[in-house]
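A short write-up of the structure that comes next.
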Number of protein chains: 2
Amino acid sequence: MSDAEQTRKSLKNIALFKDASDSFIANLAQNARIQKHSKGHVLFVNQDKAEKFYIVLNGWIKLFRETLDGAQAVVDILPAGHIFGETSIFEDDVYPYSAEAVEPTEVLSLPLEVLKKEIEENPKIALSMLSAMARYRRQQDREIEHRTLQNAPQRIGCFLLRLADQKHEGAITIHLPYDKTLVASRLGMQPETFSRALSKLKQATGIKVKGATVELDSLDQLINYSCAVCSSEFPCKDLSQ
Amino acid sequence: MSDAEQTRKSLKNIALFKDASDSFIANLAQNARIQKHSKGHVLFVNQDKAEKFYIVLNGWIKLFRETLDGAQAVVDILPAGHIFGETSIFEDDVYPYSAEAVEPTEVLSLPLEVLKKEIEENPKIALSMLSAMARYRRQQDREIEHRTLQNAPQRIGCFLLRLADQKHEGAITIHLPYDKTLVASRLGMQPETFSRALSKLKQATGIKVKGATVELDSLDQLINYSCAVCSSEFPCKDLSQ
């Protein structure tokens, strides 16, 4: 596939652009640049002036914020097909977080100006953006809820369930998408806390962890343990959207 | 002031409606109902079918979710002038949380259908809604960050700073807006955790707590203690918007 074709395909797969006009997609594609970043490369820093938004083509992007004394809070870790930086439009044109490649990563870089103009002129894109924001809001609500109600082992169980095919029956193997240190920081835990919590989860549910894979006789082992302390029902509704 | 005047005034004070047309405000006002609710009254339950959205006229509304075993996660506690239930439009027309009056409370009840139609037809309202959602997203990001980086006493310090006039210099008295049990649940803490954390905060910063008032020689006592572990700068930017 040529770069131009890949770009158009990547754009059309983004939920935000499902009702976008062909001319808008063409305009975006024309101004798109594919960038390759090595592990550890910082694309932009929280509060930088925002002129681009991005789509992950492959690899992983970490969104985070840092305090003055260097402590880091991970906002999200995004796989291929995810968009970031786009809400800067509503943040006085500055990025609301920093972004870093956590492994060799390819992104599509796109001009915010083109998106901004389209949102102002095309109510359909504005509505798609509102739906996307509402979806993100629900995810954040769940995140806050879980940090209040679930203990650390339950939160790891929930993280694993959200990686699995939730309609699967019987034995299943779940693969961690990135290394355990990163999983810990995604869950807002210190590495030692994460390690202790994982041991407890293994004891409580009988799951087997081998390196980056987790083996279960059935998802029920985790559902009984983690979902009792969640206000949503299993399977997770937001994942099917 | 007549009920009709109060309704129009309440609507015009909502950021979401700052670019609304007079005909839309008139249409909303015509379909508005003032409701009085006693303490503990539940207005709607998470996942109920949504036909109304609300504006708090006076009193306090608690938004929350409950797990199957009855544990409660507080999403927010809203004072007068705040809107809730409006994002149900983007949630398959169901409420994403439950709402309860935490003291005798007056609300304005408004039809979601009228808002939905306006958002679809008027790009200005869609843009105002996007700005409001972005603002809420930032608040949630901060909430998640603080639950990761701040300890319990620091989070109480932050809560107090956000209640104060942040431009004030010298001695200041901060009034708790609702009782301490509710402050604890707003911060996602058990009452005992809150009580221990408040003692630590007093020791560390020298603030004086008398019932529902907190006395400080200067805001610096709390800023030094709480804001070092926050990625935003003081004064809090999101409060000035």
Side-chain angles (χ1 to χ4, degrees), chain A residues 46-47 63-69 71-76 87-92 96-98 119-127 129-150 185 187-190 227-233 237-238 241, chain B residues 46-47 63-69 71-76 87-92 96-98 119-127 129-150 185 187-190 227-233 237-238 241:
Chain A
N46 184 13
Q47 301 302 309
L63 307 180
F64 65 102
R65 288 204 201 82
E66 266 173 344
T67 64
L68 277 178
D69 58 8
Q72 201 176 82
V74 173
V75 175
D76 212 342
T87 53
S88 313
I89 295 177
F90 309 104
E91 313 268 359
D92 300 323
Y97 39 64
S98 307
I119 287 176
E120 279 163 4
E121 290 171 3
N122 180 351
K124 277 189 180 172
I125 296 290
L127 285 177
M129 188 102 184
L130 275 167
S131 293
M133 299 274 273
R135 208 157 45 232
Y136 188 77
R137 180 174 172 160
R138 251 189 334 265
Q139 282 174 19
Q140 283 179 310
D141 272 347
R142 198 199 50 239
E143 185 89 26
I144 295 171
E145 176 191 313
H146 284 187
R147 292 197 183 201
T148 307
L149 298 180
Q150 293 185 333
S185 67
L187 294 172
M189 297 179 198
Q190 295 299 323
C227 304
V229 277
C230 174
S231 67
S232 308
E233 280 167 31
K237 217 169 119 193
D238 63 309
Q241 289 173 332
Chain B
N46 184 15
Q47 302 302 308
L63 307 180
F64 65 101
R65 285 202 203 84
E66 265 173 344
T67 64
L68 278 178
D69 59 6
Q72 201 176 85
V74 174
V75 175
D76 213 343
T87 55
S88 313
I89 295 177
F90 309 104
E91 314 266 359
D92 300 323
Y97 40 63
S98 307
I119 287 176
E120 279 164 3
E121 290 171 4
N122 180 351
K124 276 189 182 171
I125 295 290
L127 286 177
M129 188 101 185
L130 276 166
S131 295
M133 299 274 273
R135 206 156 47 232
Y136 188 78
R137 180 174 172 160
R138 256 193 326 269
Q139 281 174 20
Q140 283 179 309
D141 272 347
R142 195 198 55 237
E143 184 87 27
I144 294 171
E145 175 191 314
H146 285 186
R147 292 197 184 201
T148 307
L149 299 180
Q150 293 185 336
S185 66
L187 294 172
M189 297 178 198
Q190 296 298 323
C227 304
V229 277
C230 174
S231 68
S232 307
E233 282 166 31
K237 218 170 118 192
D238 62 308
Q241 288 172 334

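FYI, side chains are in, hydrogens and waters are out, and symmetry mates aren't considered; it's all heavy atoms of this structure. Lettering of chains follows the sequences in order, A, B, ..., and the numbering in each one begins at 1.
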Query raised in the report: Which one of B/Arg138, B/Arg137, B/Lys237 satisfies the side chain to side chain donor-acceptor pair (under 3.5 Å) criterion with A/Glu91?
Result: B/Arg138

Report summary line: For A/Ala132, the side chain to side chain contact (heavy atoms under 4.5 Å, CB included) test, sequence neighbours excluded, returns A/Arg135

Requested in this report: Measure distances from A/Val229 to the heavy atoms of chain B and classify the residue's part below 4.5 Å as side chain, backbone, both or neither.
Outcome: both

Requested in this report: Name the member of A/Cys227, A/Cys230, A/Pro96 that forms the most heavy-atom pairs with chain B at distances under 4.5 Å.
Outcome: A/Cys230

Report task. Quick one: which of B/Asn46, B/Asp141, B/Ile89 has the most heavy-atom pairs under 4.5 Å with chain A, could you say? Result -> B/Asp141

Query raised in the report: Which residues pass the side chain to side chain contact (heavy atoms under 4.5 Å, CB included) test with B/Ala71, sequence neighbours left out?
Result: A/Leu149, B/Thr67, B/Asp69

Requested in this report: Calculate, to the nearest 0.5 Å, the distance between atoms CD1 and CG belonging to B/Ile144 and A/Asp76 respectively.
Outcome: 9.0 Å

Report summary line: Counting heavy-atom pairs under 4.5 angstrom with chain A, the leader among B/Tyr97, B/Phe90, B/Phe64 is B/Phe90

Query raised in the report: Where on A/Thr87 is there a heavy atom nearer than 4.5 Å to chain B: the side chain, the backbone, both, or neither?
Result: side chain

Report task. Report yes or no: do A/Arg147 and B/Thr148 form a side-chain donor-acceptor pair below 3.5 Å? Result -> yes

Query raised in the report: Any idea which heavy atoms bring B/Arg65 and A/Ser231 closest together, and the distance?
Result: CD-OG, 3.0 Å

Query raised in the report: With a 4.5 angstrom heavy-atom cut-off, which part of B/Glu145 approaches chain A: side chain, backbone, both or neither?
Result: both

Query - Nearest-0.5 Å distance, CD of residue B/Gln140 to OH of residue A/Tyr136 - result: 8.5 Å

Query - Spacing of A/Gln47 atom CD and B/Ser232 atom OG [to the nearest 0.5 Å] - result: 7.5 Å

Query raised in the report: Heavy-atom distance under 4.5 Å between the side chains of B/Ile119 and A/Leu127, does that happen here?
Result: yes

Requested in this report: Pick one of side chain, backbone, both or neither for A/Glu120, based on which atoms fall under 4.5 Å of a heavy atom in chain B.
Outcome: both

